[in-house]
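Structure first, commentary second.
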Amino acid sequence: MNLDYNTSDIKPCGSARDATTHTSTATQQPLMRLTGASKLYDRGSCTHEALKSVDLDIHRGEFTAIVGPSGSGKSALMKMLGLLEAPTSGGYRFQGVPEQSLSDEQRLWLRRRFFGFVPQEYNLLRSTSLQGNVALPLLYRGLSSERCQTAAMRALSLVGLEDCGHKMPDELTGTEHRKAGIARALVCNPSVLLVDRASRAADQPLCPDIGSLLRKLNTEHLITVVLVTQKASAADWAPRVIHVNGGAVELDTSRAAASALH
Ligand code: ADP
Ligand code: MG
């Protein structure tokens with residue numbers, strides 16, 4: 001893999017590279033592979049095992065929901081998949097590259113090049129328009145204002161907010177706010193979208209508008225989607241659901257389907 005970082009190396013969503021590999025996942029090297037991955041967090045006098053020896057493959061083009069109760073390790077899992085945190089033991093490979101072989105610079109390059117994050121909690125700048133907010137990640141990368149604004153409008157149209165670019169964050173509905181967070185993650189044309197809790201409150205079901213938007217991004221724009229949620233209703237949109245509890249994978253519907261065939 002070429003790891004030379006170049007800010008102009010931003011390809012459209014669903015690039016030809018993704019399109020050629022979107023449907024034939026079974027025999028391919030997984031896009032993301034966790035092998036016996038554990039995560040320990042230091043809690044002063046003790047450590048907490050947030051993830052316990054997780055084995056997980058996610059292929060290019062999949063739409064996967066990670067479902068589980070609060071504290072079950074969903075966000076820890078997502079941060080690991082997105083190269084934000086490293087496993088304490090076990091391994092993680094992204095496109096076959098072991099994460100422990102990466103320098104900080106390479107890790108950053110991969111994160112920027114391939115991942116769009118919608119964190120559990122995020123804020124839009126209140127004094128900046130929606131379009132300005134969505135353009136921010138590209139502005140931080142030093143792209144020209146014109147390119148940033150054009151990319152922001154494209155990202156807004158991907159989430160159906162093309163007529164709302166001029167609005168201020170306080171004027172947005174709850175669903176528009178969630179879509180704005182997704183647009184901000186899409187502005188850099190990621191291959192993988194990682195969405196941590198797509199409903200505003202933990203106990204809310206996934207809003208149908210957001211569920212169908214993520215499905216559209218996956219099926220029409222060929223973006224690999226990982227959605228973290230407490231709600232099993234995510235299964236209405238995500239073909240694959242992974243249930244986590246106490247830091248372990250309890251059920252993976254794709255494995256269950258595969259074993260049912262044998
Ligand atoms: P979820 O997203 O499923 O609610 P998390 O992945 O955020 O759960 O956290 C899993 C467990 O790890 C929880 O018990 C949480 O308190 C703990 N944890 C998460 N992050 C940290 C951290 N930075 N330091 C200490 N403990 C943490
Ligand atoms: Mg969480």
Side-chain angles (χ1 to χ4, degrees), residues 13-14 18 21-22 25 28-35 37 39 50-51 54-69 72-87 92-96 99 107 110-122 158-159 178-179 181-186 188-199 202 206-207 210-245 247-255:
C13 293
D18 285 344
T21 52
H22 183 246
T25 57
Q28 292 210 330
Q29 166 177 274
L31 182 65
M32 299 179 266
R33 166 166 280 177
L34 289 168
T35 315
K39 183 70 188 176
L51 291 174
V54 172
D55 293 319
L56 179 64
D57 285 354
I58 293 183
H59 287 87
R60 199 172 270 112
E62 280 195 295
F63 179 2
T64 306
I66 298 173
V67 177
S72 56
K74 304 181 298 296
S75 295
L77 189 52
M78 202 191 82
K79 286 177 201 163
M80 214 179 266
L81 293 173
L83 291 165
L84 287 163
E85 290 188 357
Y92 176 46
R93 285 174 180 261
F94 180 71
Q95 294 200 354
E99 70 78 30
R107 200 181 302 266
L110 284 171
R111 276 205 304 267
R112 287 179 156 189
R113 172 65 185 83
F114 289 97
F115 292 98
F117 293 95
V118 186
Q120 192 167 310
E121 306 292 344
Y122 64 87
L158 277 177
V159 302
R178 296 308 301 177
K179 287 184 175 180
I182 295 171
R184 199 166 58 176
L186 290 174
C188 300
N189 285 325
S191 307
V192 185
L193 186 64
L194 299 175
V195 185
D196 199 346
R197 219 175 70 188
S199 46
L206 181 62
C207 158
I210 301 294
S212 55
L213 168 62
L214 295 176
R215 186 96 182 105
K216 186 184 93 167
L217 292 171
N218 174 248
T219 56
E220 293 179 21
H221 299 279
L222 311 180
I223 298 175
T224 304
V225 178
V226 180
L227 164 67
V228 159
T229 173
Q230 283 193 30
K231 290 290 160 186
S233 62
D236 293 346
W237 289 277
R240 180 183 185 190
V241 182
I242 294 169
H243 292 261
V244 293
N245 204 359
V249 173
E250 277 194 339
L251 175 71
D252 178 342
T253 55
S254 71
R255 280 186 210 155

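Here the side chain of K39 pairs a donor or acceptor atom with the backbone of A86 at under 3.5 angstrom.
With respect to R93 and E99, no salt bridge is recorded, no charged nitrogen being found less than 4.0 Å from a carboxylate O.
For the pair Q120/S75, a side-chain contact is recorded, criterion being any heavy-atom separation below 4.5 Å from C-beta on. Within the 4.5 Å cutoff, the side chain of Q95 has heavy atoms near those of the L31 side chain. Put simply, the side chain of V159 reaches to within 4.5 Å of the side chain of L186, judged on heavy atoms. Between I223 and V192, every side-chain heavy-atom pair lies at or beyond the 4.5 Å cut-off. For the pair Y92/L83, a side-chain contact is recorded, criterion being any heavy-atom separation below 4.5 Å from C-beta on. Two residues are said to be in side-chain contact when any heavy atoms from C-beta on lie closer than 4.5 Å; V244 and V67 fail this criterion. A 4.5 Å side-chain heavy-atom check between P239 and R215 finds at least one atom pair inside the cut-off. Here the side chains of L194 and K79 are not in contact, with every heavy-atom distance at 4.5 Å or above.
Two rings, from F94 and F114, have their centers less than 6.0 Å apart.
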Next on the checklist: side chain to side chain contact (heavy atoms under 4.5 Å, CB included), that's the test. Do D196 and L227 meet it? Break it down for me.
Outcome noted: CA-CA 6 Å; D196 199 346; L227 164 67; over 6 Å; no
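Screening V249, V54, D57, I58 for a side-chain contact (heavy atoms from CB on, under 4.5 Å) with L34, the sole residue that qualifies is V54.
In plain terms, the two heavy atoms of G181 and V118 that are nearest each other are O-CG2, 3.8 Å.
No side-chain N or O of T253 forms a donor-acceptor pair with one of R240 less than 3.5 Å apart. Of the N and O atoms on the side chains of D55 and T35, not one donor lies less than 3.5 Å from an acceptor on the other residue.
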